[in-house]
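Here's the structure we're looking at; comments come further down.
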Amino acid sequence: MKTIFSKTLLAAALTGALGLASSGAMAQVNFPDFRVTETSVPGAAAGSFTADKITGNYTEVITFSGSTFNVSLLWNAGQFVANNGTSPVPTQLGQTGSTISQQYGMYALYTGSGTVSSGAGGTTTFNFTPGGSLQVFIDPSTNSTFNQPANGSTAWTVSNNSDDYLIATGIPTSGQGTLNPSLSTCSNGTGAGINCGSFGSSTSFNLTAQGSQYFTSPTPFYNVSFQSGQLNNFSPTGTQVINGSMDVVFGVPEPASVALIGLGMLGLGLSRRRKQA
């Protein structure tokens, strides 16, 4: 599994990099499967399933200072997907804040930092530096509420979370993003809309005891998570609030794969948005 996944990610990364240079040709990749046992969530209906990706939406607060940035992100999981990220899986997972009976929520809090630089054609490139924090929670009652921080250096806070529990932790390791308001997907190049760039990043990923009851296969579970998403347009100055979609997959890559995964996931993020359009 390790060797196969490593080679696949290397191929995907190269394809993604080439895709960015040629208007984002679709990158093909095989995501490793994992097993979820929903009966571990208090109140959830019985069931387990196999998936290979988790999709969701994010809101992040990012603060720029010279050539550096700090970011604080809230991710709300919305759906599990199988068959290499193409087929939605019926589950009890719902967006946090839902009032539907027997649904539960999953969310993540992420903090990170990095450097920013301007490029040709009005593009802006973001490079994540190692460090920060990732925490993933289950919200059995889908009743948690979230309090946005004043700047990217401060973590989101959560209220109505007395029954929430931590299932995984991690530390950001690498990543890259590109903002390009001239993209045709950014409101036909006007820079006024969504999908004005994308990002890819990686973190370490360690399950808690309760997390091991939820993510039940493979054992031991994957020790790296990869995130890919799209960027709405914003000005890379001061403090900004950005929102969009973000996907998560898992793996145990070789070091060379980690070095390239940012480029690969950037290509994947653009491809996914085109398929949904």
Side-chain angles (χ1 to χ4, degrees), residues 54-78 93-98 104-116 126-177 179 199-211 214-215 223-232 234-248 250 262 265:
I54 315 173
T55 67
N57 298 313
Y58 76 89
T59 301
E60 71 175 16
V61 179
I62 184 169
T63 298
F64 298 92
S65 178
S67 61
T68 65
F69 67 86
N70 288 281
V71 61
S72 181
L73 181 146
L74 164 68
W75 177 70
N76 215 330
L93 179 68
Q95 292 283 347
T96 297
S98 170
Y104 66 93
M106 181 194 302
Y107 63 91
L109 306 178
Y110 173 103
T111 59
S113 60
T115 60
V116 59
F126 311 91
N127 288 291
F128 291 86
T129 53
S133 173
L134 170 70
Q135 295 178 302
V136 185
F137 295 87
I138 292 289
D139 175 11
S141 302
T142 66
N143 64 340
S144 296
T145 57
F146 304 98
N147 309 300
Q148 181 177 300
N151 57 66
S153 301
T154 307
W156 287 73
T157 57
V158 187
S159 303
N160 298 326
N161 61 336
S162 59
D163 62 342
D164 297 1
Y165 57 91
L166 184 69
I167 62 170
T169 62
I171 298 174
T173 54
S174 63
Q176 188 178 74
L179 176 67
F199 63 87
S201 62
S202 62
T203 71
S204 59
F205 194 79
N206 302 291
L207 294 178
T208 64
Q210 287 177 297
Y214 183 78
F215 288 109
N223 60 12
V224 177
S225 68
F226 299 105
Q227 305 84 36
S228 66
Q230 52 83 213
L231 297 169
N232 294 346
F234 62 94
S235 173
T237 58
T239 295
Q240 305 288 334
V241 179
I242 310 164
N243 58 75
S245 59
M246 187 174 81
D247 300 341
V248 176
F250 303 102
M265 282 301 192

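Computed from a predicted structure; not experimentally measured.
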Quiz prompt | Contact check, side chains of D164 and P140, non-hydrogen atoms, under 4.5 Å | solution = yes

Exercise. Say whether T115 and S67, considering side chains only, have a donor N or O and an acceptor N or O under 3.5 Å apart.
Key: no

Exercise. To the nearest 0.5 angstrom, please state how far the OG atom of S228 sits from the CG atom of D247.
Key: 4.5 Å

Practice problem: Return yes if a side-chain donor-acceptor contact under 3.5 Å exists between S133 and Q135, otherwise no. | Solution: no

Quiz item: Is a side-chain donor or acceptor of T142 paired with a backbone partner of G105 at a separation under 3.5 angstrom?
Solution: no

Quiz item: Side chain of T173, backbone of S202: donor and acceptor closer than 3.5 Å?
Solution: yes

Quiz item: How many angstroms lie between CG in L134 and OH in Y110, if you round to the nearest 0.5 Å?
Solution: 8.0 Å

Quiz item: Does D139 use its side chain to pair, donor to acceptor, with the backbone of S144 at less than 3.5 Å?
Solution: yes

Quiz item: Counting only N and O atoms by type, is there a donor-acceptor contact under 3.5 Å from the side chain of Q230 to the main-chain atoms of S245?
Solution: yes

Self-check item: Modelled atom types, side-chain donor and acceptor of N232 and N243, under 3.5 Å
Solution: yes

Quiz item: Can you tell if the side chain of V248 reaches within under 4.5 Å of the side chain of F205, non-hydrogen atoms only?
Solution: no

Exercise. Report the distance from atom CZ of F69 to atom CZ of F128, rounding to the nearest 0.5 Å.
Key: 4.5 Å

Practice problem: Taking the side chain as every heavy atom from C-beta outward, state whether V158 and L109 have any pair of such atoms under 4.5 Å apart. | Solution: yes

Self-check item: Ring centre gap for F250 and F215 strictly below 6.0 Å
Solution: yes

Exercise. May I ask you to check whether Y58 and F199 place their ring centers less than 6.0 Å from one another?
Key: yes

Self-check item: Gap between atom CG of N143 and atom CG of N160 - 0.5 Å precision
Solution: 5.5 Å

Self-check item: Beyond-backbone contact of W75 with N57, side-chain heavy atoms, under 4.5 angstrom
Solution: no

Quiz item: Out of curiosity, L73 CG to W156 CH2, how far, rounded to the nearest 0.5 Å?
Solution: 8.5 Å

Quiz item: At what distance, to the nearest 0.5 angstrom, does OG1 of T154 lie from CD of Q148?
Solution: 11.5 Å

Quiz item: Between the side chain of T208 and the main-chain N/O of G211, is any donor-acceptor distance below 3.5 Å?
Solution: yes

